[in-house]
Each structure stands twice: as structure tokens, then as C-alpha cells.
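Below: one structure, written as C-alpha cells.
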Amino acid sequence: MTRQKRRDWLMKSEPSVFSYDDLVKEPDSTAMWDGVRNYQARNLLRDEIRVGDRVLFYHSNDAPIGVVGVCRVVRAGYPDPTQFDSTQKYYDPRSSKEKPRWYVVDVKAQKRLSRIVTLAEIKEDEELSDMKLVQKGQRLSVQPVTEAEFDRIVVMSKQ
DNA sequence: GCCAACGTTGGC
DNA sequence: GCCAACGTTGGC
């Protein structure tokens, strides 16, 4: 068994729905990343994301749009319980406990950036021009980032 | 609120 | 399998 290298990710959330502050307020600053209903993102949550991986927490939709904090994955992919609950918004009648369709990971807030690194800045930064986030048509709410991209954003937050 | 870019659904 | 219609994401 070869040990897989830690990987880095970016996850989007609308702050009006679930913000970085909301995550910090959770017990142990930890929450399920639920409600992902896109198969590409699902595959990442189920198959690729591992305990110890780093996550950039991104606020979408509401200004200021950008990366606000850093998290750590503390539990790898398991079935999203909201898909089984008919009272929930994320209920999926096509899913069953035997054959779950959607997955979550648990993330723990690690460090709020000293300031938000905005989408506008990310777009302007030459070192970040290959980020999936700024590729045309790219809307994945869970996406891989390189170590260099991750570290660059943290550096920018300190400037 | 608008709309571009995708993703999903369902008839055929 | 094709593709039109519809739904969603997410920046502006």
C-alpha cells in the first residue's frame, strides 16, 4: 500500500447558505459538506478526497466573492444522509441506502485568511491563470487545486 | 435580475 | 443514441 500524497481542493459555498463563519461555529468547527448533486464533484468526494487533504473555502455568489479560509478534511467520503430524508431539500428519491448516489466528506475549519482573496485578484494573478476556478464554463463546486495554487492564495492573503 | 455555460431529463 | 426543453450555477 503506497501512501498517497496529500492533495488540495477548493470547495464553493454560498455564504447565505453556509459560510466559513457557520463552519467555525459548528461543534469542533467541523461539518459535513452535504448537498453536492453533481456527478463529477460526487466522484471526487467519494473516491479522491482523503483525510488530511487541504481545502480552500470559497464564497460564491455574494460579494465579496473569493477564498475566505482554509480547512482540513477530517473524514473521507461516505453517503450523504440528506439524500435519504424526504423532508430535506436534498432528498433524492432515486437513491437508496444500498445504492447511495451522493457522498459527503467532513471538513474542519483550520484558519481564516487574514483577508479574503477575491475572484478578481485570482483572475489577475499570473501564477493562478491555470486554476480551474477561472477557466471558462468551469462551475464545479468541488475541484482540485495544485499545491502551488493553494500556497499562492495563502501568500496573497498576507499581502 | 440577467444570462452564459453546463448538466439532466425524457420523448422519440 | 439524439437532442430539445428545462433546471442550475454563479459571475456580473
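Residue numbers begin at 1 in each chain, while the letters A, B, ... track the order of the sequences.
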Without placing hydrogens or testing angles, list every side-chain donor-acceptor pair under 3.5 Å for residues 130-137 of chain A, not counting sequence neighbours.
unit_1: A/Gln135; atom_1: NE2; unit_2: A/Ser129; atom_2: O; d: 3.1
unit_1: A/Gln135; atom_1: NE2; unit_2: A/Asp130; atom_2: O; d: 3.4
unit_1: A/Gln135; atom_1: NE2; unit_2: A/Met131; atom_2: O; d: 2.9

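Considering only residues two or more places apart in sequence or on other chains, A/Glu127 meets the salt bridge (charged side-chain N to carboxylate O under 4.0 Å, His left out) condition with A/Arg152. A/Tyr90 is linked by a ring pair (Phe, Tyr, Trp, His ring centres under 6.0 Å) to nothing, counting only residues two or more places apart in sequence or in another chain. The ring pair (Phe, Tyr, Trp, His ring centres under 6.0 Å) search around A/Tyr20 returns A/Phe57, not counting sequence neighbours. In this structure A/Thr82 satisfies the side-chain hydrogen bond (donor to acceptor under 3.5 Å, both in side chains) test together with A/Arg37, A/Asp80, sequence neighbours excluded.
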Nucleotide N/O of nucleotides 5-12 of chain C paired with protein N/O under 3.5 Å:
unit_1: C/dT8; atom_1: O2; unit_2: A/Arg139; atom_2: NH1; d: 3.0
unit_1: C/dT9; atom_1: O2; unit_2: A/Arg139; atom_2: NH1; d: 3.3
unit_1: C/dG10; atom_1: OP1; unit_2: A/Lys12; atom_2: NZ; d: 3.0
unit_1: C/dG10; atom_1: OP1; unit_2: A/Arg139; atom_2: O; d: 2.4
unit_1: C/dG11; atom_1: OP1; unit_2: A/Tyr58; atom_2: OH; d: 2.6
unit_1: C/dG11; atom_1: OP2; unit_2: A/Asn61; atom_2: N; d: 2.9
unit_1: C/dC12; atom_1: OP1; unit_2: A/Lys123; atom_2: NZ; d: 2.4

